[in-house]
Amino acid sequence: MTGIYLKSIFVKTLFIALLLSTGATIAQKQVFSHPQLNTIKATHKTVAILPYTVAITYKKQPKNFSADANREQENKMSTSIQSSMYTFLLRKANKYSVTFQDPDRTNILLRKAGMSDKLNEFTAEEIATVLGVDAVIGGRFETEQTKSEGAAIASAVLFGGLGGKTGTGTLTMTINNGTDGELLWRFFKTMDDGIMSSTDDLVEKMMRKVSRNFPYEI
């Protein structure tokens, strides 16, 4: 009886572990594709990458925390992720069915239109019209830093990283159609602290996960 009991406990424990593992996997990666994605994307020729929305928070706020420095780092990271993604896609341009607008042109056009600091106040089709593109790639990166030193943000600003391997985050990437703003594709990923050294590392790791699902890959 003891052997049967122990075997039963083992099976139940294994089953629970598998459920938890499956739940964690689901939480780490989610992909949505519009039912008509293939038909719609076939009409696309040029796609713009927008500056990412970035939110940096702290599990325990540093003693010398500066809201201005934090905001500065968020803004810097916003365009850094945009630039890193463009560089990544440019390296493999022959693998995609569309071309990607240079972020410098994107940002200049956004500034001229008065959209730069308030993209969330405009629809995707309004943004696409200003940029003259068929679709826009956008996204959001949120990170909670666990580093307690007051110099954490300052060092990140100085060296262009994400504050060291000291936190976790979530990254969302979206593609919206330019003519009607329809959400065509959405990728969500929980990022571990192993990618917190630079935006290039962040994008590289994310795009490796995205590559199997990225709509414009030939």
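No experiment lies behind these values; they were computed from the predicted model shown.
- The shortest heavy-atom contact between Ser97 and Ile218 is N-CG1, 3.7 Å.
- Counting only distance, with no hydrogens or angles, the side chain of Gln61 and the backbone of Tyr58 share no donor-acceptor pair below 3.5 Å.
- In terms of hydrophobic clustering, with Ile, Leu, Val, Met, Phe, Trp and Tyr side chains grouped at heavy-atom distances under 4.5 Å, Ile127 and Tyr86 are assigned to different clusters.
- With Glu74 contributing its side chain and Ile56 its backbone, the two residues share a donor-acceptor pair below 3.5 Å.
- How far CZ of Phe88 is from CD of Glu204: 5.0 Å, rounded to the nearest 0.5 Å.
- Side chain of Gln82 to main chain of Ile49: a donor-acceptor pair is present (N/O by atom type, distance under 3.5 Å, no hydrogens or angles).
- With hydrophobic clusters built from ILVMFWY side chains whose heavy atoms lie under 4.5 angstrom apart, Phe187 shares a cluster with Met207.
- The line from CD1 of Ile137 to CG of Leu89 is 6.0 Å long, rounded to the nearest 0.5 Å.
- What you find for Thr174 and Gly139 is that their closest heavy atoms are OG1-N, 4.3 Å.
- With Arg186 as the partner, the side-chain contact (heavy atoms from CB on, under 4.5 Å) test is satisfied by one option alone out of Gln30, Met173, His34: Gln30.
- A pairwise comparison of heavy atoms in Thr79 and Pro51 identifies CG2-CB, 4.4 Å as the closest pair.
- Atom NZ of residue Lys189 and atom CG of residue Leu171 lie 10.0 Å apart, to the nearest 0.5 angstrom.
- The ring of Phe214 has its center closer than 6.0 angstrom to the ring center of Tyr96.
- The backbone N or O of Thr53 lies less than 3.5 Å from no partner atom in the side chain of Ser78, so there is not a single donor-acceptor pair.
- With hydrophobic clusters built from ILVMFWY side chains whose heavy atoms lie under 4.5 angstrom apart, Phe141 does not share a cluster with Val136.
- Heavy atoms from other residues, nucleotides or ligands lying under 6.0 Å from CG of Asp117 number 12 at most.
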* To do: Take Asp68 and Glu72 through the side chain to side chain contact (heavy atoms under 4.5 Å, CB included) test and state the conclusion after the steps.
  => CA-CA 6 Å; Asp68 289 337; Glu72 179 185 350; over 6 Å; no
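- Side-chain contact between Thr57 and Glu144 is present, with heavy atoms from C-beta onward closer than 4.5 Å.
- The only option from Asp134, Asn177, Thr179 that meets the side chain to side chain donor-acceptor pair (under 3.5 Å) definition with His44 turns out to be Asn177.
- With hydrogens and angles disregarded, a donor-acceptor distance shorter than 3.5 Å links the side chain of Ser80 to the backbone of Lys76.
- Rounded to the nearest 0.5 Å, atoms CE (Met77) and CG (Asn75) are 10.5 Å apart.
- Under a 3.5 Å cut-off, the side chain of Gln101 and the backbone N or O of Leu131 do form a donor-acceptor pair.
- The main-chain N or O of Gly169 is never found under 3.5 Å from a side-chain atom of Thr143 such that the two would form a donor-acceptor pair.
- Across all non-hydrogen atoms, the minimal contact from Trp185 to Leu37 is CD1-CD2, 4.4 Å.
- If you take NZ on Lys41 and OG1 on Thr43, they are separated by 11.0 Å, rounding to the nearest 0.5 Å.
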* Start with the C-alpha gap between Thr99 and Thr46, add the side-chain angles, then the distance that decides, and say whether side chain to side chain contact (heavy atoms under 4.5 Å, CB included) holds. => CA-CA 5 Å; Thr99 58; Thr46 308; 3.7 Å; yes
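- Hydrophobic clustering (side-chain heavy atoms under 4.5 Å, transitive across Ile, Leu, Val, Met, Phe, Trp, Tyr) keeps Ile175 apart from Leu119.
- Residue Leu109 is not grouped with residue Phe100 when hydrophobic side chains (ILVMFWY) are merged at heavy-atom distances under 4.5 angstrom, including chains of intermediate members.
- Scanning all heavy atoms of the two residues, the minimum distance from Ala135 to Tyr216 falls at CB-OH, 3.5 Å.
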